[in-house]
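Below: the structure, in structure tokens.
Just so you know, these numbers come straight off a predicted model, no measurement behind them. Note on naming: letters A, B, ... go to the chains in the order of the sequence lines (proteins, then strands), and numbering restarts at 1 for each one.
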Number of protein chains: 2
Amino acid sequence: MPNENLPNKKSLHEIDGISQPDHVNQDSIRTIQNFRRKSLNIDLLIEKLLQGDIPSLSKAITIIESTNPTHKEQAHKIIQTCLPHANKSVRIGITGVPGVGKSTFIEAFGMYLTSIGKKVAVLAVDPSSTISKGSILGDKTRMEDLVKNTNAFIRPSASGESLGGVSRKTRESIILCEACGFDTILIETVGVGQSETAVHSMTDFFLLLNLAGAGDELQGIKRGIMEMADSVIINKADGDNLKHANNAKLDINRALHLFPLKDSKWQPKVLLASAFYNQGIEDVWQLLEKYFSLTKENGYFEANRKNQNAYWLRETINEQLLSNFYQNQTIYEQLQNAENAVQNNEKSPFTAANELLELYSKIKKSS
Amino acid sequence: MPNENLPNKKSLHEIDGISQPDHVNQDSIRTIQNFRRKSLNIDLLIEKLLQGDIPSLSKAITIIESTNPTHKEQAHKIIQTCLPHANKSVRIGITGVPGVGKSTFIEAFGMYLTSIGKKVAVLAVDPSSTISKGSILGDKTRMEDLVKNTNAFIRPSASGESLGGVSRKTRESIILCEACGFDTILIETVGVGQSETAVHSMTDFFLLLNLAGAGDELQGIKRGIMEMADSVIINKADGDNLKHANNAKLDINRALHLFPLKDSKWQPKVLLASAFYNQGIEDVWQLLEKYFSLTKENGYFEANRKNQNAYWLRETINEQLLSNFYQNQTIYEQLQNAENAVQNNEKSPFTAANELLELYSKIKKSS
């Protein structure tokens with residue numbers, strides 16, 4: 001709705017006190033007004049975003065994250081316009097269990113990257129954020145310096161979303177950040193669930209933060225996550241902890257060598273760091289540069305991004321097909337009955353499933 | 001079609017040489033004939049199955065496994081009629097990597113069970129059987145004694161099927177075996193893939209066969225499978241191997257204690273056995289009896305079966321929704337274009353997915 005307090009600048013605005021003649025269709029007026037207002041703003045927003053304007057990037061991400069159906073078309077336009085300008089970056093996934101020092105590491109790593117001329121965007125995939133009250137990136141004050149840095153952009157994850165929803169929005173945010181000129185994208189997640197697979201599927205390099213412990217270096221980290229890592233950084237490797245950290249490095253190196261060679265032909269490496277004392281951070285970047293030079297030369301970098309796009313195409317289709325079904329009101333109600341029937345052995349699960357699928361097919365035809 | 005060589009016993013059969021009067025609808029005759037023939041045979045088949053007739057059970061499973069659409073209704077009737085007579089059994093999943101001695105163990109275990117008055121059905125979930133040429137149960141001759149035993153029924157898995165397809169058919173076969181009077185159902189699978197999860201989700205007890213090795217007892221078995229096991233049996237624990245087997249028992253016991261307590265409140269146990277020398281087989285059954293007595297008393301047995309039914313309801317729906325989409329000819333063709341577009345960054349995966357989903361929605365409406 002137009003704001004009544006603003007001066008009249010629009011050609012189609014009614015003059016106060018004089019009604020429009022009846023032969024003008026009021027709906028058409030509103031449609032034209034809405035169209036002009038929206039397209040003007042979005043075009044300008046995209047233009048500024050492509051020029052590197054961070055407030056515009058921020059607003060564009062808000063539109064993409066919006067669940068308001070009227071924003072869907074705008075989001076679509078933003079993404080399609082940004083897409084040709086994206087893809088010129090490195091995307092780095094960072095994970096580790098709570099307490100490993102992810103925020104401190106990202107702060108130190110991000111500050112180093114900006115100091116060598118990089119533009120750094122930090123995003124998060126955290127479907128658990130409603131439960132954990134935004135355990136990652138939610139509290140930006142934990143990255144005091146980076147948050148004030150004009151060459152850095154930090155965006156907490158969309159909260160209260162399914163993993164699929166968060167993943168989609170993060171992936172689209174990557175495109176926007178890149179179109180806005182950010183060349184190094186850090187994507188943070190917590191080392192405790194399926195979100196690792198999602199982050200691994202949207203990044204070029206996957207970095208696992210770990211701590212040195214008493215023989216339990218591999219504890220707490222799921223086996224599959226260790227397998228995905230391109231590098232394990234043992235954080236808090238300082239003071240009395242240094243000896244433990246060196247032992248952990250040997251153990252983890254041995255474990256990493258047990259996995260089959262990756263498609264990238266990269267042998268994952270273990271490094272020590274102390275993000276708090278700003279030690280070992282440069283080494284991490286040098287390792288990453290070796291990885292990028294290897295994989296850009298052997299073609300893996302490009303091939304992997306193509307595969308990731310194909311993967312997300314399938315993932316999005318699958319998630320949408322299922323959620324369309326389960327969110328249908330009639331299906332939702334009948335599913336309860338079907339569950340009761342199969343639990344009491346009145347129907348086989350397959351009979352009940354077929355009945356629901358036939359019902360759904362009828363609903364879709366008549367909708 | 002009626003067999004011309006059979007004597008005419010059907011009331012609606014034409015008398016040779018005399019045409020039906022024109023006012024009788026030939027289609028109706030055929031419909032009635034078909035209906036009577038089918039319902040008579042199926043009713044008889046089910047009746048015999050419920051009386052414990054093994055050839056009828058075998059034929060009923062063939063109808064369920066058939067991909068011929070005309071068998072669908074018959075399969076439905078068989079399952080719905082058998083359902084109230086099923087569920088009175090114990091269902092035991094058996095897995096282990098190739099070479100661990102699954103066939104020998106099932107032969108020995110099955111023979112023991114029939115010797116104490118059990119009726120044993122052996123089924124298999126092996127979606128890989130087209131590749132491995134039926135590595136499990138395909139060669140029944142490996143169970144020489146059990147295959148001749150009148151209180152045993154062995155059925156290899158349906159070959160050339162997706163995991164979902166095999167799982168569905170195996171689960172429905174369980175119902176039929178139980179309705180036929182089999183009280184102990186053994187379901188075999190290979191310890192190398194997702195089929196373990198499927199078998200775990202259709203059984204009351206999950207048994208992992210393992211070998212003693214030189215410190216690598218946990219190698220080759222995925223971590224997740226060890227976690228699912230209610231018991232680990234170290235097979236080939238005989239002769240020179242006995243010492244190794246005892247060490248492996250200690251190691252695996254220690255590993256099993258690291259997992260959180262199961263919902264069933266059962267602490268998984270490790271046993272030694274030598275199926276070839278018929279040693280330790282009775283102990284396995286005694287362990288199982290302890291498990292069933294615990295879980296039937298604490299309510300887990302019944303609750304777990306209900307949960308499994310609900311799980312299979314969802315699984316069937318999900319698989320069907322996705323395969324309906326991907327097997328649609330138009331979608332199949334357009335998906336190739338969409339994949340090319342996202343791989344070349346002409347479209348975002350989400351835009352391309354939405355376009356395909358809208359196309360699919362239109363196809364469904366007009367179909």
- [ ] Select one option (side chain, backbone, both, neither) describing which atoms of Asn324(B) are under 4.5 Å from chain A's heavy atoms.
- [x] neither
Task: Option that, when pairs with chain A are counted at under 4.5 Å, heavy atom only, ranks first among Gln320(B), Glu172(B), Lys364(B), Arg305(B) - done: Glu172(B)
Task: Engaged part of Tyr360(A) at the chain B interface, taking heavy atoms whose separation is under 4.5 Å - done: side chain
Open item on the list: Under 4.5 Å from any heavy atom of chain B, what part of Asn340(A) do you find: side chain, backbone, both or neither?
Closed with: neither
Open item on the list: Report which part of Asn345(A) has an atom under 4.5 Å of a heavy atom belonging to chain B: side chain, backbone, both, or neither.
Closed with: both
Task: Verdict with reasoning, Arg314(B) to Tyr326(A), per side chain to side chain contact (heavy atoms under 4.5 Å, CB included) - done: CA-CA 10 Å; Arg314(B) 294 255 175 174; Tyr326(A) 288 107; 3.5 Å; yes
- [ ] Can you tell which part of Leu357(A) gets under 4.5 Å to a heavy atom of chain B, answering side chain, backbone, both or neither?
- [x] side chain
Open item on the list: For a side chain to side chain contact (heavy atoms under 4.5 Å, CB included) check, start with the C-alpha distance between Ile317(B) and Leu322(A), then their side-chain angles and the critical distance, and finish with the verdict.
Closed with: CA-CA 9 Å; Ile317(B) 290 171; Leu322(A) 300 188; 5.9 Å; no
- [ ] Give the C-alpha distance, both sets of side-chain angles, the deciding distance and a yes or no for side chain to side chain contact (heavy atoms under 4.5 Å, CB included) between Leu83(B) and Glu346(A).
- [x] CA-CA 7 Å; Leu83(B) 209 50; Glu346(A) 291 155 15; over 6 Å; no
TODO: Examine whether an atom of Asn87(B) lies under 4.5 Å from a heavy atom of chain A, and if so say whether it belongs to the side chain, the backbone or both; otherwise answer neither.
DONE: side chain
Task: Side-chain touch Asn344(B)/Lys306(A), heavy atoms, less than 4.5 angstrom - done: yes
Task: Part of Glu339(A) within contact of chain B (heavy atom distance under 4.5 Å) - done: both
TODO: Assess whether atom OH of Tyr311(A) is packed by more than 12 heavy atoms of other residues, nucleotides or ligands within 6.0 Å.
DONE: yes
Task: Between Leu356(B), Asn354(B), Leu335(B), Ile175(B), the one whose heavy-atom pairs under 4.5 Å with chain A are most numerous - done: Leu335(B)
TODO: Determine whether more than 12 heavy atoms belonging to other residues, nucleotides or ligands lie under 6.0 Å from atom NZ of Lys296(A).
DONE: yes
- [ ] Kindly check if the number of other-residue, nucleotide or ligand heavy atoms within 6.0 Å of NZ (Lys59(B)) is above 12?
- [x] no
Open item on the list: Under the criterion side chain to side chain contact (heavy atoms under 4.5 Å, CB included), I'd like the reasoning laid out for Val342(A) against Trp312(B): C-alpha separation, chi angles, the key distance, then a yes or no.
Closed with: CA-CA 9 Å; Val342(A) 300; Trp312(B) 285 103; over 6 Å; no
Open item on the list: If we check side chain to side chain contact (heavy atoms under 4.5 Å, CB included) with Phe350(A), which of these qualifies: His76(B), Arg171(B), Lys169(B), Glu315(B)?
Closed with: Arg171(B)
Open item on the list: Can you give me the closest heavy-atom contact between Ile79(B) and Ser348(A), atom names plus distance?
Closed with: CG2-CB, 3.7 Å
Open item on the list: Testing the basics here: between Gln80(A) and Thr351(B), what is the closest heavy-atom pair and its distance to 0.1 Å?
Closed with: OE1-OG1, 3.5 Å
